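Worksheet: one structure, shown below.
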Amino acid sequence: MVQTVGVTDGLRGFYRGIAPGVIGSLATGATYFGFIESTKKWIEESNLNLGGHWAHFIAGAVGDTLGSFVYVPCEVMKQRMQVQGSRTSWNSAIMKDKMRMKSGAQMYGYYTGMFQAGHSIWKEQGLKGLYTGYWSTLARDVPFAGLMVMFYETLKDVTEKGREKWAPNFHVDSSIEGLVLGGLAGGFSAYLTTPLDVIKTRLQVQGSSTSYNGWLDAVSKIWKTEGAKGIFRGSIPRITWYIPASALTFMAVEFLRDHFNEKLDNDNVQEVASLSIEKPKSSFPEVA
């Protein structure tokens with residue numbers, strides 16, 4: 001696959017669709033980690049039975065759901081830009097597909113950039129086109145986000161207990177810990193949710209020439225024609241992407257969390273110090 005992409009599209013082919021991918025990731029990260037701590041705290045305080053792993057899973061799922069309104073259209077644009085290849089290969093594929101498509105059905109055109117892709121999808125398919133595969137995307141990303149946070153927090157707990165038992169004097173920077181444990185959590189979650197990613201991608205890239213009539217139809221057809229191998233197709237590239245992405249994300253989160261908490265502690269210390277050294281004014285009038 002790597003050789004095919006390199007020969008057909010060159011270096012540019014490996015970075016096709018990077019703009020909507022980056023924007024979608026930023027939107028996801030902002031909403032996801034902006035709400036995860038507050039959601040987890042609220043769950044633990046209001047529902048004692050949902051503490052621990054369930055609180056982590058639900059917090060991750062809620063944060064990802066809020067970000068879906070931005071990253072799903074970005075995901076649609078990214079997927080279509082990635083599968084189209086070069087203009088020459090795309091035009092050739094369209095000529096071949098016309099032999100198999102329904103009468104009156106049209107394949108979407110070639111996209112030269114993110115804004116052109118968004119405008120073209122909006123013009124041809126409306127809002128529904130930009131949110132193609134929305135529920136299948138949530139079906140993939142909500143479990144992924146929940147599992148990733150749950151695995152990460154579990155790995156942190158296991159690491160902390162192991163450190164207390166075997167190396168109580170050993171200290172690891174929280175950012176480095178986030179880098180390693182975040183990568184492991186992302187890799188595990190990515191593999192387990194690969195079947196959901198396959199179904200979501202097939203639904204989003206089919207355009208107007210419909211091959212799958214919904215999520216269940218896609219599951220049934222992929223399983224019948226390709227078996228388990230088709231359901232887990234692309235698992236290695238998916239894991240390869242999510243291990244460094246998750247590692248860097250959790251490293252950044254731990255870094256920002258430490259600096260925020262440090263600044264908050266310093267502000268509290270300064271406030272207490274200023275109150276303790278301030279000389280109270282006497283209630284008696286001064287004698288001249």
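This structure is a prediction, so every number in the text was calculated from the model and none was measured. This chain uses plain numbering: 1 for the first residue, then up along the sequence. Note: hydrogens, waters and symmetry copies are ignored here, and every other heavy atom, side chains too, is used.
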*Spell out, yes or no, whether L181 and F188 are grouped together once hydrophobic residues are joined by side-chain heavy atoms under 4.5 Å, including indirect joins.*
yes
*Rounded distance (nearest 0.5 Å) linking atom CE of M251 with atom CG of D173*: 10.0 Å
*asked:* In the structure I gave you, are the side-chain heavy atoms of W215 and I199 within less than 4.5 Å of one another anywhere?
replied: yes
_Shortest non-hydrogen separation from G129 to T132 and the atoms involved_ = O-OG1, 2.7 Å
*From K200 NZ over to T193 OG1, what is the distance, rounded to the nearest 0.5 angstrom?*
10.5 Å
*Tell me, with the steps shown, if Y212 and V219 meet side-chain contact (heavy atoms from CB on, under 4.5 Å).*
CA-CA 9 Å; Y212 305 110; V219 174; over 6 Å; no
*Quick one: which residue pairs count as a salt bridge (Lys or Arg N to Asp or Glu O under 4.0 Å) with a foot in residues 177-192, not counting sequence neighbours?*
R163-E177
*Could you give the distance from OG1 (T159) to CD (E164), rounded to the nearest 0.5 Å?*
11.0 Å
*K78 and E75 ion-paired at < 4.0 Å*: yes
_Side-chain heavy atoms nearer than 4.5 Å, only ILVMFWY residues, links allowed to pass through others: does that put F170 and V158 together?_
no
*Take I236 and W241 through the side-chain contact (heavy atoms from CB on, under 4.5 Å) test and state the conclusion after the steps.*
CA-CA 9 Å; I236 294 178; W241 158 255; over 6 Å; no
*Taking all non-hydrogen atoms of both residues into account, name the closest pair between P143 and L196 and its distance.*
CG-CD1, 4.2 Å
*F250 versus M148: any side-chain heavy-atom pair under 4.5 Å?*
yes
*For the pair S220 (side chain) and D217 (backbone), establish whether a donor and an acceptor sit closer than 3.5 Å, ignoring hydrogens and angles.*
no
*Atom CG of L179 and atom OG of S174: how far apart are they, to the nearest 0.5 Å?*
11.5 Å
_Could you see if L248 belongs to whatever hydrophobic cluster contains I243? Use Ile, Leu, Val, Met, Phe, Trp, Tyr and a side-chain cutoff under 4.5 Å._
no
_To check you understand the geometry: which heavy-atom pair defines the closest contact between A61 and V142, and what is its length?_
CB-CG1, 3.5 Å
*So which residues get pulled into W166's cluster when ILVMFWY side chains under 4.5 Å apart are joined, directly or through others?*
none
*asked:* Using every non-hydrogen atom in the two residues, find where L147 and S189 come nearest and quote the distance to one decimal.
replied: C-OG, 3.4 Å
*Provide the closest heavy-atom pair for V70 versus P73 in the form atom of the first, atom of the second, distance.*
O-CD, 3.2 Å
*Could you tell me whether F255 atom CZ has more than 12 heavy atoms of other residues or ligands within 6.0 Å of it?*
no
*Go through the side-chain N and O atoms of S68 and Y134 and say whether any donor and acceptor fall under 3.5 Å apart.*
yes
*Check S246 against G182 and note the closest heavy-atom contact, atom names and distance.*
CB-O, 3.2 Å
*Are L184 and I176 connected in a single hydrophobic cluster, I mean Ile/Leu/Val/Met/Phe/Trp/Tyr linked by side-chain heavy atoms less than 4.5 Å apart?*
no
_Ignoring hydrogens and geometry beyond distance, is a side-chain donor-acceptor pair present between Q116 and S120 at under 3.5 Å?_
no
_side-chain contact (heavy atoms from CB on, under 4.5 Å) between V76 and L130, worked out_ = CA-CA 6 Å; V76 172; L130 288 172; 5.6 Å; no
*K156 and E254: side-chain contact (heavy atoms from CB on, under 4.5 Å), yes or no, with the steps?*
CA-CA 12 Å; K156 281 185 66 176; E254 293 295 345; 3.3 Å; yes
_Result of checking L203, I222, I231 against V198 for side chain to side chain contact (heavy atoms under 4.5 Å, CB included)_ = I222
_Close aromatic pair by centroid cut-off 6.0 Å: Y131 and F69_ = no
_Distance to the ring centre below 6.0 angstrom and angle to the axis at most 45 degrees; does that hold for R238 and F144?_
yes
*Is there a path from V172 to L155 through hydrophobic residues (I, L, V, M, F, W, Y) whose side chains come within less than 4.5 Å of each other?*
no
*Decide ring-ring contact (aromatic ring centres under 6.0 Å, His included) for Y191 and F232; before the verdict, give the C-alpha distance in whole Å, the side-chain angles of both, and the deciding distance to 0.1 Å.*
CA-CA 8 Å; Y191 179 76; F232 279 91; 5.3 Å; yes
